[in-house]
Amino acid sequence: MCGISGFVGVNNLPEEESVNNTLRLMKERRGPDSSGKYAKIRGEYSLLFLQSRLSIIDPKPRSDQPMEDDEGVLS
């Protein structure tokens with residue numbers, strides 16, 4: 001089973017140690033096959049997506065998340 005987590009804030013992102021601990025726990029308990037993060041600061045707002053993945057249906061790396069293109073981000 002996959003796991004997702006996120007953060008929205010003003011002028012800050014969580015400390016890198018907290019982000020890495022969250023990804024580690026998600027990988028241990030939710031999805032051991034891959035994990036990823038996406039962080040963006042736009043103006044005064046901060047956004048962070050965290051994802052862990054259990055590859056059952058499509059084990060290829062092309063399905064790793066968060067996915068990003070010119071139009072946005074998907075997790």
Side-chain angles (χ1 to χ4, degrees):
M1 184 176 297
C2 298
I4 60 171
S5 178
F7 171 85
V8 177
V10 179
N11 291 327
N12 66 339
L13 287 170
E15 293 182 15
E16 193 67 25
E17 183 178 0
S18 295
V19 171
N20 291 335
N21 285 338
T22 301
L23 282 171
R24 181 183 50 78
L25 288 170
M26 289 170 58
K27 188 172 183 175
E28 289 174 5
R29 298 191 171 125
R30 302 300 292 175
D33 296 320
S34 71
S35 62
K37 65 182 174 181
Y38 172 84
K40 187 76 163 186
I41 297 175
R42 181 167 286 186
E44 64 182 58
Y45 297 101
S46 306
L47 172 68
L48 176 68
F49 288 144
L50 303 176
Q51 184 273 337
S52 63
R53 181 169 175 247
L54 177 61
S55 305
I56 295 176
I57 295 175
D58 187 359
K60 296 183 175 140
R62 68 177 180 210
S63 297
D64 290 348
Q65 295 180 30
M67 296 176 180
E68 180 179 5
D69 67 12
D70 295 338
E71 305 228 354
V73 178
L74 175 70
S75 184

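As the structure is a computational prediction, the values presented were derived from the model and not from experiment. By convention here, the first residue in the shown sequence is residue 1.
Interatomic distance, CG of L50 versus CZ of F7, reported as 11.0 Å (0.5 Å rounding). With rounding to the nearest 0.5 angstrom, the OG atom of S35 is 11.5 Å from the CZ atom of R53. Atom CD of Q51 and atom CD1 of I4 lie 8.5 Å apart (nearest 0.5 Å).
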Show me the donor-acceptor pairs, under 3.5 Å and distance only, between side chains in residues 19-27 and residues at least two apart or in other chains.
unit_1: N20; atom_1: ND2; unit_2: E16; atom_2: O; d: 3.3
unit_1: N21; atom_1: ND2; unit_2: E17; atom_2: O; d: 3.3
unit_1: T22; atom_1: OG1; unit_2: S18; atom_2: O; d: 2.9
unit_1: R24; atom_1: NH1; unit_2: E28; atom_2: OE2; d: 3.3

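Through side-chain heavy atoms spaced under 4.5 Å, either directly or across other Ile, Leu, Val, Met, Phe, Trp or Tyr residues, Y45 is tied to V10.
With sequence neighbours left out, the side chain to side chain contact (heavy atoms under 4.5 Å, CB included) criterion links I41 to L13, S46.
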